[in-house]
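Beneath this line is the structure, given in structure tokens, with notes to follow.
Below, chain A is the first sequence line, B the second, and so on; all start at residue 1. Below, all heavy atoms of this structure are taken into account, side chains as well, without hydrogens, waters or symmetry copies.
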Protein chains: 2
Amino acid sequence: MPGDKLPSEALLSKELHVSRTVVREAFRSLAAMRIIELAVGRRATVAQIDHGAMSLMIEHGVHTDQINIQQIYDVRRTIETRIVTLAAIRRSDAEAAEILALAARMQASIADPAALLEHDLAFHTALARASRNPVYSLLIGAFQGITRQTWPIGWKSRPTQAARDLMVTTHVDISRAVAASDPQQAMVLMSLHFDESVRALLTAGLS
Amino acid sequence: MPGDKLPSEALLSKELHVSRTVVREAFRSLAAMRIIELAVGRRATVAQIDHGAMSLMIEHGVHTDQINIQQIYDVRRTIETRIVTLAAIRRSDAEAAEILALAARMQASIADPAALLEHDLAFHTALARASRNPVYSLLIGAFQGITRQTWPIGWKSRPTQAARDLMVTTHVDISRAVAASDPQQAMVLMSLHFDESVRALLTAGLS
DNA sequence: CCCCCAAACCTGTCGGACAGGTTTTGCCTG
DNA sequence: CAGGCAAAACCTGTCCGACAGGTTTGGGGG
């Protein structure tokens, strides 16, 4: 279970009849995938699932032209429409409040792209959490790294105030639908949001 | 780009003023995430995206009770309904033939669970490939490891010949809808397949 | 011009060493 | 007996040197 300790490097190397070097490299490999956690002086422990490694893998795919942004958005659209449906059904009252608050913060920081981006990411992360399926949280997290890099492109391709308002208002509407426990409405709004986002990215000329 | 060579360990350790040990462990970490590829005598190379690492992460999540099978199936259902829609639209004739053939093989090996499982996995992998979105292939691959472990449970909970026939027939029907370029029909059938699969797993008492 | 072989290069593994950091132990005090 | 404290034991991170194979390269001979 997460938190459980693994045998020390010295012990493992003796039991398996290999050098500590080999054990260390094996531990490193597991740590890279966030299956275990390493710390100085302390024994290795079983780790909680984390999107860090997955995020790097996705970024690698994009940076080496094996994946393009359109494809990422198609996947995000697919899972986020499901996430918002589940969130509208399963969200606790605290989660509803958090999601409403994050949408409000987006609206408040519409003039500050950097802050807006972070609130946007936090909004979608909160929705994923409210879906009560950790796999969705994991996947949303995995796409966060690359989203952070490409989001400004989409924002710049919404040059008019109206387009920018629409983007933020849609998030507010989604949050209200989730708070109102209206999965159908929430899903439709999320679809619209992604339709619009993909259009914006296409306008920006992203392959 | 994939295939490009990285500097040798010795060179990097000299340039970065660290020991070769440190460079090696860094390389190991990247290799664990399949970002680079290591081989004896050869220099490290940039790797192609691969689901191996992601598969291990998912399995870790399941084995440590951080993710359950229902949640995996909800995600698979969500992305596979999208995959089959895209596949029906984008599949090449060769891909259509392959998908039809794999469904036929499933039907032929209905009495051999081990073979049936492998053909089932190959079927869904082929569909993902036909969707022309490598991220879907990546995710389907990531779930393959855990599916291989839980598939027999679902199969055993379909004790009647009729239930087993239905499962295989649905795959055949899906392959025909994809071959006929009927995304709507393919999507509905895939939904039915997952409805039925989740029901089977619930019957088996999977949390 | 092509082929083959030796040299140079490179990775995988080993052993030993030591600087810090953490956990355990055992003693001492109240 | 309980609690706290300091030393000892333990552990990881990093370094160095060495060597067994595997791979690449370059030169010489045909």
Q | Donor-acceptor side-chain pairing of Gln107(B) and His119(B) below 3.5 angstrom | A | no
Q) Are any of the side-chain nitrogens in Arg129(A) or Glu98(A) under 4.0 Å away from the carboxylate oxygens of its partner? A) yes
Q) Under the 3.5 angstrom rule, does the side chain of Gln71(A) hit a backbone N or O of Arg132(B) as a donor-acceptor pair? A) yes
Q.
Measure CD/Glu37(B) against P/dG12(C) and give the value in whole Å, please.
A. 12 Å
Q: Verify the ring-centre separation between His171(A) and His124(A): is it less than 6.0 angstrom?
A: yes
(Q) For nucleotides 4-11 of chain C, give me one character per nucleotide, 5' to 3': B if any protein heavy atom sits under 4.0 Å from the base, S if the only such contacts are to the sugar-phosphate, - if neither. (A) ------BB
Q: Could you check Thr21(B) against Lys5(B) and say which one's nearest nucleotide on DNA chain D is further toward the 5' end?
A: Thr21(B)
Q.
Could you tell me how far apart Leu12(A) (CG) and dT13(C) (C1') are, to the nearest whole angstrom?
A. 17 Å
**Q.** Gap between atoms CZ and P, on Arg28(A) and dG12(C) respectively (whole Å)
**A.** 16 Å
(Q) Does Arg76(A) qualify as a cation-pi partner of Tyr73(A), given the criterion of NZ or CZ under 6.0 Å from the six-membered ring centre and within 45 degrees of its axis? (A) yes
(Q) We want to know whether Gln48(B) and Glu37(B) form a side-chain donor-acceptor pair, criterion being a heavy-atom distance below 3.5 angstrom. (A) no
